[in-house]
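Everything on this sheet refers to the single structure shown next.
Keep in mind the model is a prediction, meaning the values are calculated, not measured. In each ligand, atom 1 is the first atom listed, and ligand 1 is the first ligand listed.
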Amino acid sequence: MVKHQKEQTMIKKNGCVAGISHKEQIILKGIGGSPGICIGKAYIVDREGVALVKRYPVSEEDVPSEINRFKNAVKHASDEHKSIIASLNSDFRDQLDILEAHLALFKDKMLYGKTINTIKTDKINAEWALKKVLRQVKRTFMKVNDPYLKSRVTDIVQVSEQVMRHLIGAQDIKISDINKRVILIAHDLSPADTIQIQLELIKGFVTDRGGKDSHTGIIAKALGIPAVMGLGNATHKVENDDIVIVDGLSGILIVNPEEDTLFTYEERRALYENQQAIRARESHLPAVTLDGQQFKLMANIELLEEVVSVKDNGAKGVGLFRTEFLYIDLKRLPSEEELFEKYKEVVDLLSPMSVTFRTLDINGDKVLPYMKNAEEENPALGLRAVRFCLKRPEIFITQIKAILRVGAFGTIKLLIPMISCVEEIIQVKVIISRAIEELKTEQKVFNADIPLGIMIEVPSAVIIAEELADYVNFFSIGTNDLIQYSMAIDRSNRQVAHLYNPMNPAVIRMVKMVVDAAKKKNIEVVMCGEMAGDTFNLPVLMGLGLTHLSMNPMSIPAIRQMVTRLDTNETKEFVGKILNMRQVEEITNFLTNRYDKVLAD
Ligand code: PEP
Ligand code: MG
């Protein structure tokens, strides 16, 4: 990244230090990933290092030293790799096996020998030679049908990226190591990167990639930091230490703001924070509509640390605990005991509130870097969530046992993600029975009678919702994925983010089908997708008959306030009209006109 920095004057206004730059103000439009406004200095995290390799010729007499440079990089990368292996606990054979296999690849003929030959024959720099060899390897392996051989490409790519980082001297920036108050500007942040963010240091972030309701945005909301995503090329437009304004409410990034812009945004930020504070103060009040219908507003959480926010925002329980982040954070598979301890801590802290534990939902956009999986062309449609768990029953059963055990110490529910057919839920039940048998044999304390629910987030599950209801105690509608899968929109892809809208008539009608099926079969139905946490959608959800909503804790105060200003009968009549509409714009205009005043408040 270019570190060039022009002169900046620092001024002090309203007690805060703001930098007015002499550079031109740039306004970039992206997607609001997490609400809120922050102003601060940019810190660029460039994760594209490997793609930015340059080619240059090497003279005949410099070839030996170029080869030595390559050999040194391989040595440093493999030493680093060995120290990672040494730090791993021997209980984790799976990860050890992969890392040891990678170690052998550093000196593999295909990579090592060929790169050295390419430097010699083409007389080019080591980076370019490695890149060229890698391209050939990829081409060769892509023609092979054998999935094992195909998966070896991923191993080779990972190993060569490690070598490349040493060659180009790039540092793999660890977000957890950043030690100043900044706004992160990144090409992309994975959910795993995002959970490393230290709240007292990172004010907000923006990314080139990412779309609406991606997991990275969900974590940002959970952390309560403003984020704008899907900016395309922010990492090329912003320089380190530029002053930037992140407006996560409108999805705007302003680089080098002019003085007027800066003051306008200071005011907006103060207003927003004030509103949030007022709502938070009222958050313990009941969520009851004008006609007396009680709503249950619950929280979605990912980490133990969010328990405070659940309480502060007046949630009446955790409607969705995304358990995969513990697996990501730990950097290895946790044992049953570790899971039990962590889950018990959450349950104890929230008691007597109920906690819904959703079983591991990995792959898709939440990969466990240490798990060896076959390369998938379409990970979102691949071995994700329950599909992965049913393929790896030993991992699944470990988690189920920990959840059943914690059920003896509080009110909990068990939720299975991504169910797409009856067969899957039958198989899940077999695993639960096995877990119960094992716990009995091991004479551990547990609760076999925990309500079982499934996420309705795949269109096939909507269609057979009535049949699925015969196997479970509750449904939880996951609109983030339901929109992704029904509309065929990758939720992390900014190119198609314009199509991602919960007010699409197809989405509204699917939600209706699920609510109706649950009511007919007399089971509970909750909505836990991001759709549930947006005040704009509330009249529609209320009109469809939903009364249980789970959302990121920060959204609860605003939703609670809005619930108290609506009347269920009126929203039912209103939704009757919406169900006949065909286009998003028609629906959103109708909504805005009718609820203008309440929404404006
Ligand atoms: C959803 O898909 O709506 C959901 C709540 O689950 P996740 O966002 O974790 O995929
Ligand atoms: Mg989902």
Given the options K342, Q399, R358, T323 meets side chain to side chain donor-acceptor pair (under 3.5 Å) only with Q399
Under a 3.5 Å distance rule, please check whether S34 uses its side chain to pair with a backbone N or O of I225 as donor and acceptor. yes
Take F574 and Y595 through the test ring-ring contact (aromatic ring centres under 6.0 Å, His included) and record every step on the way to the result. CA-CA 10 Å; F574 170 77; Y595 290 100; 5.0 Å; yes
What's the shortest heavy-atom distance between [X] and [Y], and which atoms?
X    : Y    : answer
L320 : S550 : N-OG, 3.7 Å
L231 : R494 : C-NH1, 4.1 Å
V318 : I301 : CG1-CG1, 3.8 Å

Counting heavy atoms only, which part of [X] comes closer than 4.0 Å to ligand 1: side chain, backbone, both or neither?
X    : result
L482 : neither
K366 : side chain
M455 : side chain

Tell me the protein N, O or S atoms under 2.8 Å from the Mg ion (ligand 2), in chain and number order. E457 OE1, D481 OD2
Atom indices of ligand 1, in the order listed, that fall short of 4.0 Å to a heavy atom of [X]:
X    : answer
D481 : 1 (C), 2 (O), 3 (O), 10 (O)
R384 : 10 (O)
L320 : 5 (C)
G478 : 1 (C), 2 (O), 3 (O)
I218 : 8 (O)

Under a 3.5 Å cutoff, is there a donor and acceptor pairing between the side chains of [X] and [Y]?
X    : Y    : result
S283 : N313 : no
S420 : E424 : yes
T547 : Q294 : no
S555 : N552 : yes

Nearest heavy atom to atom 8 (O) of ligand 1: which of E302, E457, R491 does it belong to? R491
So between V458, N480, N300, whose heavy atom ends up nearest atom 3 (O) of ligand 1? N480
For [atom], what is the closest protein heavy atom, and at what distance to 0.1 Å?
atom                   : value
atom 9 (O) of ligand 1 : R322 NE, 2.7 Å
atom 6 (O) of ligand 1 : R358 NH1, 2.9 Å
atom 7 (P) of ligand 1 : H215 NE2, 3.1 Å

Enumerate the ring pair (Phe, Tyr, Trp, His ring centres under 6.0 Å) contacts for residues 510-554, please, sequence neighbours excluded, ordered by first and then second residue. none
Begin with the C-alpha distance, continue with both residues' side-chain angles, and end with the deciding distance and a verdict on salt bridge (charged side-chain N to carboxylate O under 4.0 Å, His left out) for E337 and R405. CA-CA 10 Å; E337 211 51 42; R405 283 175 62 192; 3.1 Å; yes
